Amino acid sequence: SSTMSFSEAEVQSARGAWEKIYVDAEDNGTTVLVRMFTEHPDTKSYFAHFKGMDSAEEMKQSDHVRGHGKKVFTAINDMVQHLDNSEAFLGIVNPLGKKHATQLKIDPKNFRIICDIILQLMEEKFGGDCKASFEKVTNEICTHLNNVYKEAGW
């Protein structure tokens with residue numbers, strides 16, 4: 001379905017959880033990507049710039065990795081600002097999903113991987129409540145991205 005059902009309390013607690021990690025968007029975004037590339041090396045194949053990088057240290061220093069980490073976090077931040085407005089939320093998710101499906105041809109399972117790593121990082125840094133507050137958001141993002149992929153004939 002294209003409608004989202006977040007209560008006002010869920011929206012507030014998800015935003016509170018997200019703000020904690022978004023304060024250091026570039027560093028935390030970089031950590032998330034480096035973890036993904038390290039734990040799921042096949043994901044590197046989508047990024048021409050990152051292919052030759054084997055060490056986590058090298059990836060952490062890379063401007064390309066840092067830039068993309070920040071880009072991922074900025075996109076999620078835009079979504080988090082619109083949890084209470086389905087139309088605006090989908091206005092961000094739909095073009096993003098379409099681009100990744102049709103131009104970049106990124107396997108949609110990678111969105112779940114990134115979301116799970118973000119949740120893991122939230123739990124490590126800020127505890128289980130923080131993670132729990134944000135879990136529904138990641139499910140929502142992944143569900144909608146998967147819908148976009150289906151529509152794109154993935």
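For clarity, every value in this text was computed on a predicted model and none was experimentally measured. Computation of the quantities below employed the complete heavy-atom set of this structure, encompassing side-chain atoms and omitting hydrogens, waters and symmetry-equivalent molecules.
Rounding to the nearest 0.5 angstrom, the gap separating the CD atom in E140 from the CD atom in E135 is 13.0 Å. Here the CG atom belonging to N94 is positioned 11.0 Å from the CD atom belonging to E87, to the nearest 0.5 angstrom. The NE2 atom of H144 lies 10.5 Å from the CE atom of M79; values are rounded to the nearest 0.5 Å. To the nearest 0.5 Å, atom NZ of residue K125 and atom SG of residue C130 are 11.0 Å apart. The structure places CD of E124 at 9.5 Å from OG1 of T31, a figure rounded to the nearest 0.5 Å. Separating the OG atom in S13 from the CD atom in E8 is a distance of 10.5 Å, to the nearest 0.5 Å.
In this structure, D129 places its CG atom where only 12 or fewer heavy-atom neighbours from other residues, nucleotides or ligands lie under 6.0 Å away. With a 6.0 Å radius and a threshold of 12 heavy atoms from other residues, nucleotides or ligands, H40 has its NE2 atom above the threshold. For D42, the CG atom sits in a packed shell: over 12 heavy atoms of surrounding residues, nucleotides or ligands are nearer than 6.0 Å. Within a 6.0 Å sphere centred on CD of E39, other residues, nucleotides and ligands contribute more than 12 heavy atoms.
Counting heavy atoms from C-beta on, the side chains of F126 and I21 come closer than 4.5 Å. Using a 4.5 Å cut-off on side-chain heavy atoms (C-beta onward), I141 and L145 make contact. Taking 4.5 Å as the limit, every side-chain heavy atom of M59 sits out of range of all side-chain heavy atoms of F50. Looking at K136 and E10, their side chains come closer than 4.5 Å, going by heavy atoms from C-beta outward. Side-chain contact between F37 and M53: absent, with no pair of heavy atoms (C-beta onward) separated by less than 4.5 Å. Looking at Y22 and V80, their side chains never come closer than 4.5 Å, going by heavy atoms from C-beta outward. Counting heavy atoms from C-beta outward, L33 and I114 have side chains that approach closer than 4.5 Å. For the pair V23 and N28, the minimum side-chain heavy-atom distance is 4.5 Å or more.
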Next on the checklist: side chain to side chain contact (heavy atoms under 4.5 Å, CB included), that's the test. Do R66 and D27 meet it? Break it down for me.
Outcome noted: CA-CA 7 Å; R66 298 189 71 79; D27 280 344; 2.4 Å; yes
Item to check | Criterion side chain to side chain contact (heavy atoms under 4.5 Å, CB included) on E26 and F73, from CA distance to verdict | outcome: CA-CA 8 Å; E26 191 175 315; F73 267 50; over 6 Å; no
Next on the checklist: Test side chain to side chain contact (heavy atoms under 4.5 Å, CB included) on K44 and D54; report intermediate values, then the result.
Outcome noted: CA-CA 10 Å; K44 276 198 298 188; D54 291 324; 3.5 Å; yes
Checklist entry - Going through the distances and angles, do N77 and Q81 end up as a side-chain hydrogen bond (donor to acceptor under 3.5 Å, both in side chains)? => result CA-CA 6 Å; N77 191 55; Q81 301 318 311; 3.2 Å; yes
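Sequence neighbours left out, the pairs with a member in residues 108-123 that pass side chain to side chain donor-acceptor pair (under 3.5 Å) are R35-Q120, R112-D116, R112-T138, R112-N139.
For the pair W18 and I76, the tightest heavy-atom approach, listed with the atom from each and the gap, is CH2-CG2, 3.6 Å. Of all the heavy atoms in V65 and V34, the pair that sits closest is CG1-CG2, 4.1 Å.
Salt-bridge formation is not detected for the pair D24/K70: no Lys NZ or Arg NE/NH1/NH2 atom is positioned less than 4.0 Å from an Asp or Glu carboxylate oxygen.
Remark: aromatic rings of F47 and H68 are close, center separation under 6.0 Å.
In the hydrophobic cluster analysis, where Ile, Leu, Val, Met, Phe, Trp and Tyr join through side-chain heavy atoms closer than 4.5 angstrom, V148 is grouped apart from I113. V93 and L83 fall within the same hydrophobic cluster, defined by Ile, Leu, Val, Met, Phe, Trp and Tyr side-chain heavy atoms under 4.5 Å apart, directly or through other members.
For the side-chain contact (heavy atoms from CB on, under 4.5 Å) test, residues two or more places apart in sequence or in another chain that qualify with Y149 are H100, A101, I106, P108, F111, W154.
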